Structure formats: structure tokens, C-alpha cells
Q: 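Below is one structure. I have some questions about it.
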Amino acid sequence: MVLNRTLSFTVLLFVLCGALACTLGCGGAAQIGTSSPATQNVQFGHVFLLVEENHSYAEVIGNASMPYLNSLASNYGLATQYYANLHPSISDYFMLTTGQPITLDDTYTGVVTSDNLVRELNSAGKSWKAYAESLPQSGYTGGDVFPYMKHHNPFVYFSDVLQQPSQLSKVVPFTQFATDLSSGQLPNFSYIVPDILNDAHTGSLNQADSWLQQNIAPLINSAAFQQDGLLIITFDEGDLTDVSYGGGHVATVLISGKSKKKFQSTSLYQHQSTLRLILQALGGSTFPGAAEFAPAMNEFFQ
């Protein structure tokens, strides 16, 4: 692993322990299930990752303040033993996109040259966009502009994006999402990040849930999504007091027309498994960082 110097050797060992836990069931709390050959390599034309903020599983699942997300969790796939990797946020966003924590500094301003999701998508010939709510303008790589938070948008750190104008143009305000959906122009992979008023970071869980229903229900209800779409909704980390498996127990929901209905997994997963799933679902065969050895999430699909 190539890590930023702010990540200590102690933390690196802790991250590796968390990855090992996904394979061995650290402490015996949960064990990885195996997928049958019939569930291997389910392919999708469009994959979406949406990340919420800073709430543990018990605060979300079953909470009447989030009726829409709970309806999705009840009707599609729910990972009941999914854990973030570390605190604070930025390390989890990088785990979701590089398979490495990269840094523990939310104010990090460096350039990430490690293998990453963009590099693998481009290598596989797949299109992508990052839709960031309240992003000041397309291709913006500067610091926080309330309520947009740069460290919630890992794509603006990647050398693959920063050094190529054609790639940087794919970092767009979330207002573009509805336009691309209605015109049938959504890319193969879409990263969706609400701003901190709507991702449960600063606003309430009910506000985050209302945002999901308003902005994501049209996607899920579209015929195109039901045919070949996969949406993954997860939380970057749990409550800051929750350090289970590093970053806390978080809610993760998988929505697709190919999903097993009302399915609840008891297998242990972390963010590197989501990274693996994104690439595998789009036909990728190589996976950055810890995603290379992460448990596959094939059990969620028909």
C-alpha cells in the first residue's frame, strides 16, 4: 500500500486487521457467507453509489424518521453486518474508491496517485460522473464552500481526474443528475453525494430521508433502472463513539431489479467490498487496494 504520511503504521495495521476481519470474522461476531455459482458476476449497465454521513446502523434501521430508506431496506437488500473502516470521514471515502484509507486528515489537500475507481473504470471502457450537491461549478477542485464539503468527494483528489480536463469535466453539480436521468444520458457509474445539509451530517435524519425520496425515487422507479441499474446507499462511518471494526456499524442498502427481494445478509462486509462490487457489477476484473481480496457481495442478487 502507498499511504499518505499522516497515516501511521499503527493505523495501517488496524486497517489491515479490519480487512482480515472481513475474511475471518474477527472475534467471531459474524462470518462471511459463500455465494453459489448461480449468483456470481451479476452484470449491470448502470451502478450508483450514494453516501450518507455519520450515523450508526441502530440510529437508522427501524427509525421512524427515515421511512423511505427503511422501506428500501425492507423491500430490497440490507447488509445487517456492514462496518465502516475508520474515523474520520475522509478515510472511508477513500476506502470506497481506492481500497486504501490514504489519510486521516479531513483537511487533506494532496493528490492521490494510487490505483482508484476512476482508473479502473476508464481501463474497462466504462463512463462515470460524480454528482456533488452544492458543488460551486463543474470541475471545481477547491476547498469547502458550505454546504459542499470537498472531503466527501474523493474524485477531486485523483491524479487521473486532476491531470485530464476531459475527466475533470465529469465532476458536476447534482443538479445535472435529473437532466441526465430524463435524457437517458446517465453514465455507467454515478457517484452521488448530497451536501452536508441533506446527508445527515448537519441536517436531521428526516431531512436526509426526504431528500432521498425526492431525488432518488425517480431513479429507482424508472424503467431503465429496473432493467439494469444497481444503487448502493451506505454511510461513510458510524457515530463517532462507535468504533466497531474501525469505523462503526453502518446501514447499507442494495437496490436493484435483480436483487433478492426482502433479503437480509448476515455476512460481514466493509467499504472495500462495495468498491469490489461496483467494478465487478460493471464487468471489471481488477480491483484497487483491499478490494482485491474483499468478500464479494453476490449473495444479494438473483
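Note that the structure is a prediction, hence the values are computed from the model and not measured. Because only heavy atoms are used, hydrogens play no part in the values below, and waters and symmetry mates are left out as well, while side chains stay in.
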Q: Which of these, Phe44, Tyr76, Phe263, sits in a ring pair (Phe, Tyr, Trp, His ring centres under 6.0 Å) with Phe301?
A: Phe44
Q: For a quick test of reading the model, state the closest non-hydrogen atom pair linking Gly238 to His87 and the distance between them.
A: O-CE1, 3.5 Å
Q: Report whether Leu197 and Tyr68 are members of the same hydrophobic cluster (ILVMFWY, side-chain heavy atoms less than 4.5 Å apart, transitive linking).
A: no
Q: Distance under 6.0 Å and angle within 45° of the ring axis: does Lys260 meet both against Phe300?
A: no
Q: Using the ring of each side chain (for Trp, its six-membered ring), is Tyr83 parallel, tilted or perpendicular to Tyr245, with breaks at 30° and 60°?
A: tilted
Q: If you look only at pairs with a residue in residues 270-292, which of them pass as a ring-ring contact (aromatic ring centres under 6.0 Å, His included), with sequence neighbours excluded?
A: Tyr82-His271
Q: Do NZ/NE/NH1/NH2 and the carboxylate oxygens of Asp160 and Arg119 come within less than 4.0 Å?
A: yes
Q: Less than 6.0 Å separating the ring centroids of His46 and Phe225?
A: no
Q: Using the side chain to side chain contact (heavy atoms under 4.5 Å, CB included) definition, which of the options Ile255, Leu277, Leu49 pairs with Leu230?
A: Leu277
Q: Under a 3.5 Å distance rule, please check whether Gln81 uses its side chain to pair with a backbone N or O of Leu268 as donor and acceptor.
A: no
Q: Using the rule that Ile, Leu, Val, Met, Phe, Trp and Tyr join whenever any side-chain heavy atoms are under 4.5 Å apart, tell me whether Leu50 and Leu279 fall into a single cluster.
A: yes
Q: Taking the side chain as C-beta and beyond, is there a heavy-atom pair between Leu117 and Trp128 under 4.5 Å?
A: no
Q: Do we see a donor-acceptor contact under 3.5 Å between the side chains of His152 and Glu53?
A: yes
Q: Please step through side chain to side chain donor-acceptor pair (under 3.5 Å) for the pair Asn122 and Gln167, ending with a clear verdict.
A: CA-CA 10 Å; Asn122 287 337; Gln167 297 296 299; 2.9 Å; yes
Q: Just so I know, are the side chains of Met95 and Leu275 near enough to count as touching, which here means a heavy-atom distance under 4.5 Å?
A: no
Q: Tell me, do Leu219 and Phe48 make a side-chain contact under 4.5 Å, heavy atoms counted?
A: yes
Q: Taking all non-hydrogen atoms of both residues into account, name the closest pair between Asp144 and Lys150 and its distance.
A: OD1-N, 2.9 Å
Q: Starting at CD1 of Ile278, measure out to CG of Leu96 and round the result to the nearest 0.5 Å.
A: 7.0 Å
Q: Measure the shortest side-chain to side-chain distance between Leu78 and Ser265 over non-hydrogen atoms and say whether it is less than 4.5 angstrom.
A: no
Q: When you compare the side chain of Gln280 with that of Asn298, does any pair of heavy atoms fall below 4.5 Å?
A: yes
Q: Working to the nearest 0.5 angstrom, can you tell me the gap between Met66 CE and Asp209 CG?
A: 4.5 Å
Q: Quick one, Glu120 and Pro288 - any side-chain contact, counting heavy atoms below 4.5 Å?
A: yes
Q: Return the orientation label for the Tyr191 and Tyr93 ring planes: parallel under 30°, perpendicular over 60°, tilted otherwise.
A: perpendicular
Q: Quick check on the hydrophobic clustering: are Val161 and Tyr108 connected, directly or via other members, by side-chain heavy-atom contacts under 4.5 Å?
A: yes
Q: Do Ser204 and Asn206 have side-chain N/O donor and acceptor atoms under 3.5 Å apart?
A: no
Q: Walk me through it: do Ser56 and Asp239 pass the test side chain to side chain donor-acceptor pair (under 3.5 Å)?
A: CA-CA 5 Å; Ser56 293; Asp239 184 277; 5.7 Å; no
Q: Closest heavy-atom contact between Leu181 and Ser222?
A: CD1-OG, 4.3 Å
Q: Are Tyr140 and Ile196 connected in the hydrophobic side-chain network, where two residues link if heavy atoms are under 4.5 Å apart?
A: no
Q: For the rings on Phe155 and Tyr131, is their centre-to-centre separation under 6.0 Å?
A: no
Q: Side-chain contact, heavy-atom cut-off 4.5 Å: Ile90 with Tyr157?
A: yes
Q: Check for a donor-acceptor pair, side chain of Ser74 on one end and backbone N or O of Asn70 on the other, with a separation under 3.5 Å.
A: yes
Q: Can a donor-acceptor pair be found between the side chains of Asp242 and Tyr57 at a distance below 3.5 Å?
A: no
Q: Indicate whether any N or O donor in one side chain lies under 3.5 Å from an N or O acceptor in the other, for Asn116 and Thr97.
A: no
Q: Report yes or no: do Asn75 and Lys262 form a side-chain donor-acceptor pair below 3.5 Å?
A: yes
Q: Less than 6.0 angstrom separating the ring centers of Phe174 and Trp211, yes or no?
A: yes
Q: Any idea which heavy atoms bring Asp92 and Asn85 closest together, and the distance?
A: OD1-N, 2.9 Å
Q: Do Thr252 and Ile233 have side chains that get closer than 4.5 Å, going by heavy atoms?
A: no
Q: Tell me whether Val51 is reachable from Met149 by hopping between hydrophobic residues (I, L, V, M, F, W, Y) whose side-chain heavy atoms are closer than 4.5 Å.
A: no
Q: To the nearest 0.5 Å, what is the distance between CG on Asp115 and CD on Gln100?
A: 8.5 Å
Q: Return the minimal non-hydrogen interatomic distance between Ser134 and Pro147, and the atom names on each side.
A: OG-CG, 3.5 Å
Q: Which value, rounded to the nearest 0.5 Å, describes the distance between Phe189 atom CZ and Leu186 atom CG?
A: 12.0 Å
Q: Testing the basics here: between Pro173 and Ser138, what is the closest heavy-atom pair and its distance to 0.1 Å?
A: CD-OG, 3.4 Å
Q: Any luck finding a side-chain donor-acceptor pair between Ser89 and Glu237 under 3.5 Å?
A: yes
Q: According to salt bridge (Lys or Arg N to Asp or Glu O under 4.0 Å), who are the partners of Asp180, at least two apart in sequence or on a separate chain?
A: Lys129
Q: Evaluate the criterion side chain to side chain donor-acceptor pair (under 3.5 Å) for residue pair Glu299 and Ser267; output intermediate values, then yes/no.
A: CA-CA 9 Å; Glu299 63 174 327; Ser267 300; 2.9 Å; yes
Q: Donor-acceptor pair, Asp236 side chain versus Asn54 backbone, under 3.5 Å?
A: yes
